[in-house]
Amino acid sequence: MKKNNIKMLVAFHKPDKVYRDDIYTPIHVGRAVSKFKNEMTDMIGDDTGNNISEKNPMYCELTALYWAWKNLKDVDYIGLSHYRRYFDFHHQVPQYLPHFFMPCDKFDEFHFNLSTNVINELKKGKVILPKKQVQRESLITQYCLNHISDDMRTLKKVIHQYPDPKYAKAFDKIMFGNKYSPYNMFIMPKIIFDNYCQWLFQILFEVEAKTDTSHYNPIQKRIYGYMSERLLNVYISANKLEEVNLPVVTFNDSPAFQNPSCTEFYFKNLVKKIAFKVTLPPFFEE
């Protein structure tokens with residue numbers, strides 16, 4: 001496989017440390033509405049060709065996905081990561097953690113290149129995703145606690161009206177469970193990517209048509225980025241795609257983000273699993 005047949009888009013919304021090579025391709029998301037246009041001319045933007053760049057405040061990194069779906073040709077595999085968030089392909093962090101925080105001054109020491117094992121898994125048609133995170137409540141409850149619950153009702157209704165019933169079944173399985181791969185990060189064969197985007201944007205555009213976000217604050221306005229984090233898991237489950245789950249590294253110097261010890265991590269996960277099992281399912285009225 002030639003290296004240039006794999007593209008890993010790295011979503012940037014502001015200037016920061018950049019890693020690029022034949023595979024990693026930085027992309028300025030939301031360039032059409034960005035205040036950093038002049039500072040980020042060293043990378044491609046999501047505002048060329050067929051694009052939804054102006055929707056970035058609501059769609060987040062999905063504007064890069066849409067751009068790639070409509071404009072990126074002649075690639076066999078495609079992925080997405082974030083400007084400070086990357087897959088660990090080489091066991092550089094403790095493998096018990098799904099998400100590891102690393103100081104920013106370690107950025108230049110990090111090995112970004114895809115491993116031979118990962119490339120071989122992609123050749124088999126598998127999808128690379130972040131390691132599953134465990135929540136103490138169901139994903140649907142988690143969404144409603146942190147975002148606008150009516151939006152989740154709209155999404156559920158749209159999914160359940162989709163012509164293929166396997167998506168409604170997978171939606172209920174994933175959303176009423178408590179594990180998922182977050183961040184909209186992945187690597188997958190381009191044919192799977194194209195089919196996923198066709199399904200995803202059809203769903204989200206329909207939800208958008210039924211939703212008024214004009215009064216939302218900037219955090220809640222990121223509605224479709226939040227929804228798609230869950231929907232990627234729904235799509236994988238509905239289509240019974242094989243996945244390989246890898247840890248994710250975030251470069252961040254904030255003392256608020258600490259890596260738990262092995263004992264602390266497993267104890268917290270145990271508490272979450274027990275809490276999920278003993279908590280009544282949510283009353284989710286249509």
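Keep in mind that the numbers below use all heavy atoms, side chains included, and drop hydrogens, waters and symmetry copies. Bear in mind the structure is a predicted one, so any value in this text is a computation, not a measurement.
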Tell me whether [X] contacts the main-chain N or O of [Y] through its side chain, where contact means a donor paired with an acceptor under 3.5 Å.
X    : Y    : result
S53  : A32  : yes
N178 : V134 : no
E243 : I128 : no
S34  : G30  : no
N184 : G225 : yes
R31  : M40  : yes
D88  : V93  : yes
Q220 : N146 : yes
N51  : T63  : no
K7   : D22  : yes

Atom [atom1] of [X] and atom [atom2] of [Y]: how far apart are they, to the nearest 0.5 Å?
X    : Y    : atom1 : atom2 : answer
F276 : L139 : CZ    : CG    : 8.0 Å
D46  : E54  : CG    : CD    : 9.0 Å
K268 : K272 : NZ    : NZ    : 7.5 Å
H82  : L80  : NE2   : CG    : 5.5 Å
L65  : K70  : CG    : NZ    : 12.5 Å
L241 : F186 : CG    : CZ    : 12.5 Å

Query - side chain to side chain donor-acceptor pair (under 3.5 Å) evaluation trace for D212 with S214 - result: CA-CA 6 Å; D212 177 14; S214 61; 2.7 Å; yes

Give me the atom names and distance for the closest heavy-atom approach of [X] to [Y].
X    : Y    : result
Y19  : D21  : OH-OD2, 3.0 Å
I174 : R230 : CG2-O, 4.4 Å
P26  : I44  : O-CG1, 3.3 Å
P189 : G125 : CG-CA, 4.0 Å
G45  : W67  : O-NE1, 3.8 Å
K131 : L97  : CD-O, 4.1 Å

**Report entry** Stepwise side-chain contact (heavy atoms from CB on, under 4.5 Å) check, N117 with V244
**Finding:** CA-CA 10 Å; N117 287 341; V244 177; over 6 Å; no

[Y] and [X], any side-chain heavy atoms less than 4.5 Å apart:
X    : Y    : result
M58  : Y216 : no
T154 : K157 : no
D151 : M227 : yes
Y86  : V10  : yes
P182 : P130 : yes
K210 : V158 : yes
I203 : I159 : yes
L232 : M188 : yes

Spell out, yes or no, whether [X] and [Y] are grouped together once hydrophobic residues are joined by side-chain heavy atoms under 4.5 Å, including indirect joins.
X    : Y    : result
Y167 : F205 : yes
F265 : V271 : no
F267 : I274 : no
I219 : M152 : yes
I236 : F176 : yes

Requested in this report: Evaluate side-chain contact (heavy atoms from CB on, under 4.5 Å) for K55 paired with Y224, printing each intermediate quantity in order.
Outcome: CA-CA 10 Å; K55 291 180 181 284; Y224 306 113; over 6 Å; no

Kindly check if the number of other-residue, nucleotide or ligand heavy atoms within 6.0 Å of [atom1] ([X]) is above 12?
X    : atom1 : result
L270 : CG    : yes
H91  : NE2   : no
R84  : CZ    : yes
K221 : NZ    : yes

Report summary line: Residue set satisfying side chain to side chain contact (heavy atoms under 4.5 Å, CB included) with A68, at least two apart, ordered chain then number -> L9, L72, I78, F193

Query raised in the report: Are Y183 and E61 linked by a side-chain donor-acceptor pair shorter than 3.5 Å?
Result: no

Query raised in the report: Does a donor on one side chain sit under 3.5 Å from an acceptor on the other, for E229 and Y143?
Result: no

Query raised in the report: How are the rings of Y162 and W199 set to each other: parallel, tilted or perpendicular (split at 30° and 60°)?
Result: perpendicular

Could you go through residues 247-260 and list every donor-acceptor pair under 3.5 Å that involves a side-chain atom there, pairing it with any protein atom two or more places apart or in another chain?
{"unit_1": "T250", "atom_1": "OG1", "unit_2": "R85", "atom_2": "NE", "d": "3.2"}
{"unit_1": "T250", "atom_1": "OG1", "unit_2": "H99", "atom_2": "NE2", "d": "2.6"}
{"unit_1": "N252", "atom_1": "OD1", "unit_2": "S254", "atom_2": "N", "d": "2.7"}
{"unit_1": "D253", "atom_1": "OD1", "unit_2": "C104", "atom_2": "N", "d": "2.9"}
{"unit_1": "S254", "atom_1": "OG", "unit_2": "A256", "atom_2": "N", "d": "3.2"}
{"unit_1": "Q258", "atom_1": "NE2", "unit_2": "P255", "atom_2": "O", "d": "2.7"}
{"unit_1": "N259", "atom_1": "OD1", "unit_2": "F101", "atom_2": "N", "d": "2.7"}
{"unit_1": "N259", "atom_1": "ND2", "unit_2": "F101", "atom_2": "O", "d": "2.8"}

Requested in this report: With side-chain contact (heavy atoms from CB on, under 4.5 Å) as the test, would you mind laying out the steps for L145 and Q142 before giving the verdict?
Outcome: CA-CA 5 Å; L145 288 173; Q142 178 206 43; 5.8 Å; no

Query raised in the report: Would you say the ring centroid of Y83 lies under 6.0 angstrom from that of H13?
Result: yes

Query raised in the report: Ring centroid separation for Y66 and F201, is it under 6.0 angstrom?
Result: yes

For residues 105-112, please give each side-chain donor-acceptor pair under 3.5 Å, one per line with the distance, not counting sequence neighbours.
{"unit_1": "D108", "atom_1": "OD1", "unit_2": "K17", "atom_2": "NZ", "d": "3.4"}
{"unit_1": "D108", "atom_1": "OD2", "unit_2": "K17", "atom_2": "NZ", "d": "3.1"}

Report task. Show your reasoning for whether side-chain contact (heavy atoms from CB on, under 4.5 Å) applies to F100 and Q92. Result -> CA-CA 10 Å; F100 186 84; Q92 298 166 89; over 6 Å; no

Query raised in the report: Is K37 paired with D47 through a side-chain N to carboxylate O contact shorter than 4.0 Å?
Result: no

